[in-house]
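Worth knowing before you read on, the calculation uses all heavy atoms, side chains too, and leaves out hydrogens, waters and symmetry mates.
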Amino acid sequence: EQVKVGFAAEPYPPFTSPDANGNWVGWEVDFQKALCAEAKLDCVITPVAWDGIIPALTSKKIDMIIGSMSITEERLKTIDFSDKYYNTPTVVIGPKDQKFDATPEGLKGKIIGVQVSTIHQAYATKYFGPTAAEIKEYQTQDEANQDLAAGRVDAVQADSVALDAFLKSEAGACCEVKGTVVDDPSILGLGVGVGLRKGETELKEKINAAIKAIRANGTYDTFSKKYFDFDIYGK
Amino acid sequence: MTEPGLAIQVTDLHKRFGPLEVLKGVSLEAKQGDVIAIIGGSGSGKSTFLRCINLLELPTAGRVTVHGETIEMKPDGQGGLMPANRKQVQRIRSRLAMVFQSFNLWQHMTVLQNVIEVPIHVLGVPRDQAIATAEALLKRVGLFEKRDAYPAFLSGGQQQRAAIARALAVQPLAMLFDEPTSALDPELVGEVLTVIGDLAREKRTMLLVTHEMKFAREVSNHVVFLHNGMIEEQGPPDQIFGAPKSERLKKFISSIH
Amino acid sequence: MTEPGLAIQVTDLHKRFGPLEVLKGVSLEAKQGDVIAIIGGSGSGKSTFLRCINLLELPTAGRVTVHGETIEMKPDGQGGLMPANRKQVQRIRSRLAMVFQSFNLWQHMTVLQNVIEVPIHVLGVPRDQAIATAEALLKRVGLFEKRDAYPAFLSGGQQQRAAIARALAVQPLAMLFDEPTSALDPELVGEVLTVIGDLAREKRTMLLVTHEMKFAREVSNHVVFLHNGMIEEQGPPDQIFGAPKSERLKKFISSIH
Amino acid sequence: MVAAATQSYLSLLALEPPGWGGVMLVGFIQSLKLAFGGYGLGLLIGIGGACGKLYGGPVLRDLMEVYTTLIRAIPELVLMLLLYYAGTDALSQLLALAGYGSVDINALTAGIFVIGVVQGAYATEVFRGAIKAVPIGQIEAARAYGMSSFQVLRRVTLPAMLPHALPGLANLWMVATKDTALLAVIGFSELTLVTRQAAGSTKAYMLFFLAAGAIYLAWTLVSSLVIRLIEKRARRGLTRTA
Amino acid sequence: MSEPTTLPAYTAPRPRSLFEPHRIVLMAIFAVLVFCVVWFMRWDWLPNYGTRLAYGVGETLIMLFSTAIVGFMLAVPIGLVQVTGPRPLSWLALTFCTIIRGTPLLLQLWMLYYGLGSLFAQYPEIRQSFLWPYLRQAWPYGFTALMISFAAYEGEVMRGAFAGVPRGELEAAEAFGMSRFKLFWRIWLPRAIHRALPTLNGETVLQLKATPLIATITVVDVYGVISRVRQDTFLTYEPLLLLALIYLCLTGLLIWGFRLLENRIPTRGA
Ligand SMILES: Nc1ncnc2c1ncn2[C@@H]1O[C@H](COP(=O)(O)OP(=O)(O)OP(=O)(O)O)[C@@H](O)[C@H]1O
Ligand SMILES: Nc1ncnc2c1ncn2[C@@H]1O[C@H](COP(=O)(O)OP(=O)(O)OP(=O)(O)O)[C@@H](O)[C@H]1O
Ligand SMILES: [Mg+2]
Ligand SMILES: [Mg+2]
């Protein structure tokens, strides 16, 4: 039985990004391979549009989401999640030549870019929305970063690891981390899990077991070391 | 076709279009080799009559028998008739060749393709044989050199002759001509009449709606005068044209001359 | 307009289309109130002559004077002429009303709008006044009830009359008619000729290309016979039609009857 | 110096891996598959739809009318989303009901389906107009010679209407080509999406967008050449002046 | 010939009314469908988004009309020069039309926004200029792309329309002494627009259907609002169905409006 693994068809380094060969590479791709090998699933990679990824899951175009999707209460109403497989803090970045911090006061009057239908969008709307000039929503994280570099937004809020990759790139040279946002687990969730259709408990258990197994047997750390010098699994 | 039997027999044919009764009981018998001219004023129902014979129009009532086979009809539930047996209609139609006033050649086919179309695709004649027959026919109507031309590039008379060749190719039991010359200029009229005259001399069964009285008189052996959806008078051409009886016919003939 | 001077004077007009010399030196004088009929075979250059007068065609050589004002021309560098003074051309054109064979009413305007268009937008007549004049004219040509209809909804004769009203509305020094009736059926021809006849009785200056010899004879006071781009013969209508001198004209007139 | 920079910039388009040319080519082939597949499906739907509208019963006719009106009034992007999620869902359920088991509809099939359904509505109208332009006498002649309804359609009506339909069909082909780009919004890896990915990964936005534009343009130019040839051929019997 | 037979005229079958039996059945089925959609699907989110939807519709309409009007004003010269020359200009116009019509609008949009937009950002002169507050927003790019696209397609339409105005009507205007300028404004242009109106109607509907693409560059039109609803509620079908309905209504209104415009100048046989 084939299992179609969906993730966003966009560059989201270092987790998933296309390379010039037309292959998808990144930490999450490695994770997915290890996971499927462990769970003995015949996985095929199926990139889909991020803003349609949950409908794609529910309408069975894909069978699971391994796309840096955080486990939130809001999402749990529609889909199910496995246990978390990584957890990283949320940060706000901005141009080096502007001084502000990642608080509602600091972001007052700024245009903040976020990726649509992410926890960051929900968080920014709730905490920064009232004071910020505008919360601009992008289809992909890459576009938000691009617009920050192009000066069309003043700040971008997203996952620290993803932004770190951007800041290290040539285009990201303009900008720096302005700070980590105050946590709100009800929005920012409990880490990133594998998205599943509701009711597919058998698959869920298989995956949970596999996550445990690769954590335990060191596979997880082996491929993580290629990308990070810290433990991405989080606390 | 051993002995000259009845090629076409029409009994008490009625046809109405909505409130308008166009044919009010027309009967007609055509024996093998008969050439019957159908004349009458405009709107008298001549075309409708011809079109009822091969069921391009469905008669409201009446019976059509072609070569001894009566076309089976059943009520269509709205006071008219409809064919009971599609296959039979197709078979009978394929033996009754109609030559239309406006030719109706298929514009997307060359002359030759027009002529072989029905033999191959309806009658199932092998292609080689159909082509051989078609070429012979085209020679006969003097269109052999034009066999690869498309109809749009032919003159009216040439198109008409192509249409006749197409009709002959099905080796019809009877040919139905609907005003074969009315759209042509006088020169072309002559051309077409020659061909029809030839066919008449071959003793082909023909039903011929025409306005060319002189021609009708020459080629036909029976003339039917339709008026107001009924046969007002019929008989041999000499009688009809020479000694008309009914008032209407007299008036009609005098107006023609 | 105190004394009947020259309305139009054309001197030695030449026109060639590429290798084809259509007009080979035509001269003509029309006094105030003259009605000049221009006749001639097809392709003899009648339309071209008329179109040269208001510079719809640019003459190759020659001089056109309207109401004493000579249209200034300069060489166009390719062996022809071109107007030296656009404004002058526009002014003169606005006084020479042309009535086209195919009417050329502006289809996006009603009849009334067609008629008031030039007075308002070219001649600068106040709108109210233009409308008043236009309505009077439309009444005169019997189109008052149709003033709000669009040209597409008018019969040919009605369109022609609308075109005449449009021409009259500019209070032209002279009217140029190019075969005003050739596209019309006989009934409509009569209608249009009546209107032109009326204008003729009013002593309007008119140049009239026509194929209606009977009509030309009735309304005109001078007839010009063009042949092969030259004036073959001219004179009063009775002379031209009654006692033609040149061989060509004789042949032309006999072929008409 | 500048030349070297330009060269390394342009080398991003190379077919071999550090360049993204190969990936774009694959995307382009996907686009072509979508365009051809969707267009073909659209033609089939169009012929069926036109026949339904012209010869079908009153119910069928009304249903076809609703189909063409709806499809032509709603933006393609919205239709694609609706059809992509709901339509393919329904389709796979239908197939399952018909006893084909649970059929997997892959992205390409779904994309072709979506473009085909949209194209079908427009093609229906094109074919309907073209069929109506065939002189009735041509069809009557076929019937008078005993052809069955299907034969009449197959041998006379369809070939005779083709010249009338061609300009409309040519137009539709151009639309089909360009509509494939909309599937980028759904995440289908066709030329436009691949271009954006390449652009995003390399930050050479202008370069890749211009390159993709050139590919599309070349494609439409080649298409219009071919279309002209086909039209010339199809119209050969139609008019004297052709 | 024979005396004219005076027979009652054949009456064509009545135009099919809305209330034929099968239509009533179809409408009933449709009503049941609508009822099911309303009853069984989730619409509780609708009130929360009312104002935003209205705002989105407004944005869509503003985009539609502004791009259509400006685009059309561009289309007129583009069409005209292709008919009248001069050669270089007409060649330029033709190239413009071919390029724009030959590439997908989505690509053009992204090229402008992500491509050109990020180029602008590299020049401090531009970033310092008074234009920057506009250039850093998304709508100018959406507007430009839509407007250019409309201009290209309509340029083609207007070319045909200009060429199709009967020569005689132009000659008549000339013969009455109209200046070139007046001839263009009073006769040629209105007549061409009049001829092109039915086509323009169709093209404007196409333009309406192209507007949702600007949502992909962060302009929040009605499509953008609905996308937002989809993100917030994780509903797939309901927001899209509503969106389809909204566009259906807009299209209907647009067609109706154009019909009014067209009927101001009736044409025969149309
Ligand atoms: N499909 C139709 N629907 C309604 N009325 C029709 C139809 N076909 C023919 N008619 C009417 O039936 C009458 C007879 O028509 P028909 O064509 O048979 O006349 P005709 O004798 O062939 O005349 P003509 O010599 O002018 O061809 C006419 O009044 C015609 O208007
Ligand atoms: N624009 C043109 N280009 C080339 N040749 C032309 C042009 N206009 C007219 N001609 C030629 O000039 C000749 C005279 O044309 P003109 O229209 O003046 O004839 P006419 O006397 O009005 O004929 P008719 O009675 O048929 O209208 C014809 O041979 C015609 O072919
Ligand atoms: Mg008849
Ligand atoms: Mg002339």
Side-chain angles (χ1 to χ4, degrees), chain C residues 47 50-51 53-58 66 83 86-110 113-124 148-155 159 162-163 166-170 172-173 175-176 178 183, chain E residues 72 75-76 79-80 83-87 154 157-201 257-270:
Chain C
S47 298
L50 224 51
R51 292 163 59 84
I53 292 179
N54 64 2
L55 273 73
L56 281 181
E57 303 286 355
L58 294 176
V66 175
R86 262 179 181 286
K87 284 266 166 296
Q88 189 202 30
V89 171
Q90 283 167 22
R91 192 175 58 242
I92 287 178
R93 276 179 173 169
S94 70
R95 286 281 128 125
L96 287 177
M98 181 135 179
V99 180
F100 294 84
Q101 175 172 349
S102 44
F103 325 139
N104 292 338
L105 290 172
W106 297 308
Q107 302 282 320
H108 61 297
M109 302 178 180
T110 63
Q113 286 167 344
N114 262 283
V115 177
I116 60 176
E117 176 71 18
V118 180
I120 293 180
H121 292 279
V122 179
L123 305 177
D148 291 326
Y150 283 89
F153 294 84
L154 298 183
S155 76
Q159 290 190 41
R166 178 173 70 173
L168 288 172
V170 305
L173 290 170
M175 297 181 73
L176 313 175
D178 191 0
Chain E
F72 184 74
V76 168
L80 191 66
V83 176
T84 59
R87 268 284 168 75
E154 268 32 74
V157 171
M158 288 313 289
R159 180 182 65 82
F162 278 124
V165 173
R167 254 202 78 72
E169 286 180 41
L170 302 181
E171 274 190 350
E174 260 185 82
F176 280 111
M178 285 195 185
S179 66
R180 286 187 164 204
F181 182 75
K182 212 153 247 168
L183 183 147
F184 176 74
W185 272 113
R186 300 285 319 164
I187 310 290
W188 208 3
L189 181 63
R191 186 79 168 85
I193 292 179
H194 177 218
R195 276 178 70 95
L197 217 48
T199 322
L200 288 177
N201 180 0
F258 263 96
R259 184 103 1 116
L260 282 189
L261 213 60
E262 265 171 57
N263 285 345
R264 286 188 38 199
I265 299 178
T267 37
R268 211 153 68 164

Nearest heavy-atom contact between A172(E) and R166(C) is CB-NH2, 3.6 Å

Whatever's closer than 4.5 Å to a heavy atom in chain C on P190(E) counts as both

If one checks every heavy atom of L176(C) against chain E at 4.5 Å, the contacting part turns out to be neither

Okay, R195(E) and chain C: the region with an atom under 4.5 Å from a heavy atom over there is neither

Closest non-hydrogen contact found for A175(E) with F100(C) is CB-CZ, 4.0 Å

When rounded to the nearest 0.5 Å, the distance separating CZ of R180(E) from CZ of R86(C) is 4.0 Å

When you measure from the side chain of E171(E) to the backbone of L56(C), do you find a donor-acceptor pair of N or O atoms at a distance under 3.5 Å? no

Walk me through whether N54(C) and E174(E) qualify under side-chain contact (heavy atoms from CB on, under 4.5 Å).
CA-CA 9 Å; N54(C) 64 2; E174(E) 260 185 82; over 6 Å; no

* Any side-chain heavy atom of N104(C) within less than 4.5 Å of one from R167(E)? -> no

Of all heavy-atom pairs linking H194(E) and Q107(C), the shortest is CE1-O, 4.3 Å

Only residue of L123(C), V122(C), V118(C) satisfying side-chain contact (heavy atoms from CB on, under 4.5 Å) with F176(E) is V118(C)

So, the part of R51(C) with a heavy atom under 4.5 Å from chain E: the answer is side chain

* Asked: Can you find a pair of side-chain heavy atoms, one from M178(E) and one from E117(C), that are under 4.5 Å apart?
  -> yes

d(S179(E) OG, H121(C) NE2) to nearest 0.5 Å is 11.5 Å

